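I have placed the structure first, in the form of structure tokens, so that the comments after it can refer back to it.
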Amino acid sequence: MAVTGDETAATGDMPAYQIRTPTTTLPQGVVMAASPGTLHSPQQMAEEATRKRELRLLKNREAARECRRKKKEYVKCLENRVAVLENQNKTLIEELKALKDLYCHKAE
DNA sequence: ATAAACTTACGTCAATAACT
DNA sequence: AGTTATTGACGTAAGTTTAT
């Protein structure tokens, strides 16, 4: 199965193209008192996790686009090289034929 | 006209290579 | 060792071609 869940709980019934948020997100309206002395309430942790995930997805999205662009270019390059070599080959075959011909007629 | 088959581009995940 | 970048594999949507 390709659609395996990631670190945020495998929800097999959710289409892959939907953006999932970490399950650590608290229900609407629930406000936790920030633990005294720290800036790391569960909410803040969850928000930070979401922010990190979205940033990661954004970066990877762009990386994937670039990767495909490079691959396409590479393939185009190869195809071009094939065309060039095919032409060279054709020319060489013609040349060989001509030389053989010449040699034959000389031999008579 | 349209249903089915094929193509193209995309976003995501996971593995791993490259970097610090 | 932890973090970030790269890329193959997969599923999806939209576009195009082909057969009826």
Side-chain angles (χ1 to χ4, degrees):
Chain A
M1 186 56 167
V3 188
T4 56
D6 58 4
E7 70 279 1
T8 70
T11 53
D13 55 341
M14 190 180 278
Y17 52 85
Q18 277 192 357
I19 296 164
R20 280 155 294 180
T21 52
T23 52
T24 50
T25 303
L26 292 166
Q28 288 276 331
V30 177
V31 179
M32 306 280 283
S35 20
T38 64
L39 298 172
H40 304 296
S41 71
Q43 259 158 326
Q44 285 171 320
M45 301 289 280
E47 276 167 26
E48 178 67 3
T50 302
R51 200 186 61 75
K52 269 191 174 173
R53 174 183 159 78
E54 275 165 4
L55 189 66
R56 177 165 57 78
L57 288 182
L58 177 68
K59 276 190 172 180
N60 188 247
R61 199 177 301 144
E62 281 164 2
R65 262 202 287 265
E66 176 65 8
C67 181
R68 288 186 190 113
R69 192 194 62 73
K70 273 165 59 183
K71 187 174 179 178
K72 244 176 142 180
E73 195 175 280
Y74 174 67
V75 168
K76 224 190 254 176
C77 249
L78 288 182
E79 285 170 345
N80 194 46
R81 185 160 164 71
V82 167
V84 167
L85 290 174
E86 275 176 351
N87 272 337
Q88 276 183 7
N89 198 35
K90 216 157 90 182
T91 305
L92 288 170
I93 286 171
E94 288 302 314
E95 200 179 319
L96 179 62
K97 208 161 87 182
L99 287 171
K100 274 181 175 171
D101 237 35
L102 197 64
Y103 179 75
C104 268
H105 287 103
K106 241 183 183 173
E108 284 168 13

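In what follows, every chain begins at residue 1, and chains take the letters A, B, ... in the order their sequences are listed. Since the model is a prediction, treat every value here as computed from it, not as a measurement. Computed over heavy atoms, backbone and side chain alike; hydrogens, waters and symmetry mates excluded.
- Listed by first and then second residue, the salt bridge (charged side-chain N to carboxylate O under 4.0 Å, His left out) pairs that reach into residues 41-51 of chain A are A/E48-A/R51, sequence neighbours excluded.
- With sequence neighbours left out, A/L92 forms a side chain to side chain contact (heavy atoms under 4.5 Å, CB included) with A/E95.
- Considering OG1 of A/T91 and CD of A/Q88, their distance stands at 7.5 Å, rounded to 0.5 Å.
- Between A/K59 and C/dA5, a side-chain N or O to OP1/OP2 separation shorter than 4.0 Å is present.
- Side-chain contact between A/E66 and A/K70: present, with at least one pair of heavy atoms (C-beta onward) separated by less than 4.5 Å.
- As rounded to whole Å, 16 Å separates atom P of C/dT6 from atom CZ of A/R56.
- Interface residues of residues 64-75 of chain A facing DNA chain B, ordered by number: A/A64, A/R65, A/R68, A/K72; criterion, heavy-atom separation under 4.0 Å.
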Sort me out a list of protein N/O and nucleotides 18-20 of chain B N/O pairs below 3.5 Å, or just none if empty.
none

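- Nucleotide B/dT12 holds its P atom 8 Å from the CZ atom of A/R53, rounded to whole Å.
- A/L78 belongs to a hydrophobic cluster whose remaining members, ordered by chain and number, are A/Y74; membership requires side-chain heavy atoms of ILVMFWY residues under 4.5 Å apart, directly or through intermediates.
- Following rounding to the nearest Å, A/R61 (CZ) and B/dC10 (C1') show an atom-to-atom distance of 10 Å.
- Electrostatic pairing of A/E73 and A/R69 counts as a salt bridge here, judged by a charged N lying under 4.0 Å from a carboxylate O.
- Partners of A/E62 according to the side chain to side chain contact (heavy atoms under 4.5 Å, CB included) rule, which considers only residues two or more places apart in sequence or in another chain, are A/L58, A/R65.
- For A/N60 against C/dT4, a side-chain-to-base donor-acceptor contact under 3.5 Å is absent.
- In this structure, CG on A/L85 lies 9.5 Å from CG on A/N80, to the nearest 0.5 angstrom.
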